[in-house]
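Okay, structure first, notes after.
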Amino acid sequence: ADTIMLLGVDLKKKTLGAISIPRDTRVTAPDGKTGKINATLVRGNIELTAATVSEMFDVPIDYTVALKADAVKEIVNAVGGVWVEPIDDMKYNDSWGQLDIDLKKGRQRVNGEQAVGYVRFREVKKGTKHSKEEGDFRRTARQQELIRALFAEAMQPRNLDRADTIIDVGFQQIETNLTRPQL
């Protein structure tokens, strides 16, 4: 569980709220074990993670969505790219994790592969200039920014006409208890 978010959707007001939960947050889960929240996914699948988040915030979790490895890349590509705005240069190459990030400061349109780098970037390699984009707090802000950018792109007229195709891509890239009409 690299990224955990609690999303609230108000269909009447047409609003979406998000709270990012750092993956290293220490919790005592409903199974009685204490440790990092991201470990709940390994121990008890999405159900234990959802139950843990539900207890943390004292809210029921009605629906869950777990993204597959290529979800961000495929969904961003399905909507034709998104606009993001790095606050500093982002340069990092991780051959083990197959992650090559090279984004410049400023507003720009990114494709799926670049979007993955944008949301996964954590720090520059030792011995190089630091970036204002480093750290988990900035990382969670970028993840939320990407969600807003995806919703904005999905609502563009060119994508409204392709909604069925985009939803199909989305359903192939997630595990969820949402139905297609709900999504």
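Sequential numbering from 1 along the given sequence is applied to the chain's residues. For clarity, every value in this text was computed on a predicted model and none was experimentally measured. Keep in mind that the numbers below use all heavy atoms, side chains included, and drop hydrogens, waters and symmetry copies.
- Taken to the nearest 0.5 Å, the OG1 atom of T25 stands 6.0 Å off from the CD1 atom of I37.
- Remark: the backbone N or O of W83 is not paired with any side-chain donor or acceptor of E85 at under 3.5 angstrom.
- For the pair K68 and E175, the salt-bridge criterion is not met [side-chain N within less than 4.0 Å of a carboxylate O].
- Contact detail for A115 and V76: the closest heavy-atom pair is CB-CG2, 3.9 Å.
- Both I167 and L178 are part of a single hydrophobic cluster, where members link through side-chain heavy atoms under 4.5 Å apart.
- Between I75 and L150, the closest side-chain pair of non-hydrogen atoms falls below 4.5 Å.
- Panel note: side chain D102, backbone K91; no donor-acceptor pair is recorded below 3.5 Å.
- You'll find the side chain of I21 reaches within 4.5 Å of the side chain of V53, heavy atoms only.
- In this structure, T52 and S54 have side chains that are not in contact, with every pair of non-hydrogen atoms separated by 4.5 Å or more.
- Side-chain heavy atoms closer than 4.5 Å link hydrophobic residues (I, L, V, M, F, W, Y) into clusters, and following such links, possibly through other members, connects L11 to F151.
- A distance-only check finds a donor-acceptor pair linking the side chain of T176 to the backbone of T64 [under 3.5 Å].
- Within the 4.5 Å cutoff, no side-chain heavy atoms of T40 are placed close to those of E47.
- The main-chain N or O of R120 is never found under 3.5 Å from a side-chain atom of R142 such that the two would form a donor-acceptor pair.
- Side-chain contact between Y118 and E145: present, with at least one pair of heavy atoms (C-beta onward) separated by less than 4.5 Å.
- L67 is listed as a side-chain neighbour of V65, based on a closest heavy-atom distance under 4.5 Å.
- The two atoms that bring K13 and D10 nearest to each other are N-OD1, 3.0 Å, heavy atoms only.
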Which donor-acceptor pairs under 3.5 Å do the side chains of residues 55-62 make with protein atoms, sequence neighbours left out?
none

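- Under a 3.5 Å cut-off, the side chain of N159 and the backbone N or O of E153 do form a donor-acceptor pair.
- For the residue pair P86 and L103, the shortest heavy atom distance occurs at CG-CB, 4.4 Å.
- T34 and T28 form a side-chain donor-acceptor contact under 3.5 Å, judged by distance and modelled atom types alone.
- No donor-acceptor distance shorter than 3.5 angstrom exists from the side chain of Q144 to the backbone of T140, with no hydrogens or angles considered.
- Between the CG atom of D31 and the CG atom of L48 there is a distance of 4.5 Å, given to the nearest 0.5 Å.
- Not a single donor-acceptor pair under 3.5 Å links the side chain of D89 to the backbone N or O of K104.
- Considering only heavy atoms from C-beta on, Q108 comes within 4.5 Å of V84 through its side chain.
- Side-chain heavy atoms closer than 4.5 Å link hydrophobic residues (I, L, V, M, F, W, Y) into clusters, and following such links, even through other members, never connects V119 to I4.
- Considering every non-hydrogen atom in both V27 and K36, the closest pair reads CG2-C, 4.5 Å.
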Derivation and outcome, salt bridge (charged side-chain N to carboxylate O under 4.0 Å, His left out), residues D168 and R162: CA-CA 10 Å; D168 285 343; R162 301 176 46 251; over 6 Å; no
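- Of all heavy-atom pairs spanning A78 and I166, the tightest one is O-CG1, 3.7 Å.
- The hydrophobic clustering, which links ILVMFWY residues whose side-chain heavy atoms are closer than 4.5 Å, places L146 and M90 together.
- The CZ atom of R138 sits 9.5 Å away from atom CG of D88, with the distance rounded to the nearest 0.5 Å.
- Remark: M5 CE is packed, more than 12 non-hydrogen atoms of other residues, nucleotides or ligands lying under 6.0 Å away.
- Proximity of a side-chain donor or acceptor of Q173 to a complementary backbone N or O of G170 within less than 3.5 Å is not detected.
- The main-chain N or O of E133 is never found under 3.5 Å from a side-chain atom of R139 such that the two would form a donor-acceptor pair.
- Counting only distance, with no hydrogens or angles, the side chain of D70 and the backbone of K73 share no donor-acceptor pair below 3.5 Å.
- One hydrophobic cluster, built from ILVMFWY side chains closer than 4.5 Å, cannot hold both I46 and Y63; they sit in different ones.
- What you find for R109 and G81 is that their closest heavy atoms are NH2-O, 3.0 Å.
- Residues T3 and R23 fail the side-chain proximity criterion, which asks for heavy atoms closer than 4.5 Å.
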